[in-house]
Amino acid sequence: MNNNDLNRFLVPGAAVSITLEANGSAKYNFSAIYIGNKPTKYVVFELTQQAMDKITETESASVNIIVRAISDTEYGHVIAFKCNVIQAISAPALQVFMSAPTSIASKPIREHERYKLNLNAAVRLREHYLQGYMIDFSVSGCGLLLNDTGVLEIGNEVSIDSELNRMLPSDLVSRVVSIRKQATGFIVGIQFESPILLTHDLKRELLEQSFKSGNLG
């Protein structure tokens, strides 16, 4: 496997789910943070103390380790790969080194292409107004990066303010569908009630903004 595949799907700080399997049945599941990799050698994850204890308890060649994650690609691939524990360390942090995957299974979960951006934006919920950045956009929704989610909850109907508003339907209905904590803040997933039309002007603006943000070209 070309480790560029792994770098394509995972960035440092990404949340992953790790499953320990013995004899084909799930044994233990826990969350971890992807730290990085050395091509063809190993991948590194940061763990909680409880997860580290379980890793050391079950360290065995007969135990399969499966790593799963939702990647930050244009179509939001779900990925999975198998690996083995090489070494676990407790300083300077609780980290485990695992063998580099020989293959990665992936499947796109988004129907529409997503444009990566870095636009000033804000989300409004009644009298509450939270400022942040729009980090991606597609005809079915967008992603926002906020320092704080305030009173936002999944299912809230909200309004989004950004430079793109002049090109979007005035009656656009948007809802919060996900809230994920990241090292840099909270990523809030917004879904439009109905996919919008990707007009020529809107696509050109999205491409220009992607270029300005350093995600294109």
Side-chain angles (χ1 to χ4, degrees), residues 1-110 113-118 133 135-136 143 145 147 178-189 210 213-217:
M1 182 206 71
N2 185 337
N3 258 60
N4 286 334
D5 292 341
L6 187 59
N7 294 334
R8 173 194 170 200
F9 291 124
L10 286 180
V11 296
V16 303
S17 173
I18 297 180
T19 301
L20 304 183
E21 286 188 351
N23 301 321
S25 60
K27 190 171 186 178
Y28 186 68
N29 295 286
F30 56 90
S31 298
I33 300 298
Y34 172 69
I35 301 300
N37 73 85
K38 184 173 183 179
T40 73
K41 300 296 184 181
Y42 57 76
V43 290
V44 186
F45 301 98
E46 186 170 319
L47 310 177
T48 63
Q49 184 63 61
Q50 184 179 16
M52 179 65 81
D53 292 342
K54 189 61 64 173
I55 282 281
T56 54
E57 286 175 16
T58 59
E59 196 169 341
S60 167
S62 63
V63 175
N64 291 321
I65 298 176
I66 301 176
V67 179
R68 298 180 175 87
I70 298 178
S71 66
D72 188 30
T73 57
E74 289 79 0
Y75 289 95
H77 290 75
V78 174
I79 66 167
F81 58 86
K82 293 182 178 181
C83 49
N84 299 306
V85 173
I86 298 175
Q87 182 181 12
I89 62 173
S90 58
L94 297 175
Q95 295 180 345
V96 60
F97 290 71
M98 296 188 184
S99 58
T102 56
S103 63
I104 299 176
S106 66
K107 181 180 180 180
I109 58 175
R110 294 190 184 94
E113 182 178 2
R114 182 179 61 171
Y115 296 85
K116 294 185 179 181
L117 310 170
N118 187 26
Y133 298 92
I135 57 174
D136 62 63
L145 176 61
N147 288 328
S178 65
I179 299 176
R180 293 184 291 129
K181 192 178 189 315
Q182 300 283 318
T184 54
F186 294 86
I187 295 181
V188 178
S210 288
S213 68
N215 288 304
L216 189 69

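This chain uses plain numbering: 1 for the first residue, then up along the sequence.
- Counting heavy atoms from C-beta outward, N118 and L145 have side chains that stay 4.5 Å or more apart.
- Looking at heavy atoms from C-beta onward, F81 lies out of side-chain contact with M98 at the 4.5 angstrom threshold.
- Taking every heavy atom of both residues into account, A15 and A69 meet most closely at O-CB, 3.9 Å.
- Heavy atoms only, all atoms of each residue included: D136 and G143 are closest at OD1-N, 2.8 Å.
- Within a 6.0 Å sphere centred on CD of Q182, other residues, nucleotides and ligands contribute more than 12 heavy atoms.
- Considering only heavy atoms from C-beta on, T48 stays 4.5 Å or farther from F30 through its side chain.
- Looking at heavy atoms from C-beta onward, V67 lies in side-chain contact with F45 at the 4.5 angstrom threshold.
- Under a 3.5 Å cut-off, the side chain of S17 and the backbone N or O of R68 do not form any donor-acceptor pair.
- Here the CG-CG distance, from L47 to D53, works out to 10.0 Å after rounding to the nearest 0.5 Å.
- Between S210 and L117 there is a side-chain heavy-atom pair separated by less than 4.5 Å.
- Within the 4.5 Å cutoff, the side chain of F97 has heavy atoms near those of the I89 side chain.
- Expressed to the nearest 0.5 Å, how far CZ of F9 lies from CD1 of I79 amounts to 6.5 Å.
- Atom SG of C83 sits about 5.5 Å away from atom CD1 of I65, to the nearest 0.5 Å.
- In this structure, S103 OG and K82 NZ are separated by 9.0 Å, a value rounded to the nearest 0.5 Å.
- Nearest heavy-atom pair across N147 and T184 is OD1-O, 4.3 Å.
- Of all heavy-atom pairs between A32 and I18, the closest is CB-CD1, 3.8 Å.
- Looking only at side-chain heavy atoms (C-beta outward), L10 and N37 stay at 4.5 Å or farther from each other.
- Two residues are said to be in side-chain contact when any heavy atoms from C-beta on lie closer than 4.5 Å; L6 and Y34 meet this criterion.
- Rounding to the nearest 0.5 Å places CD1 of I179 at 12.0 Å from CD1 of I187.
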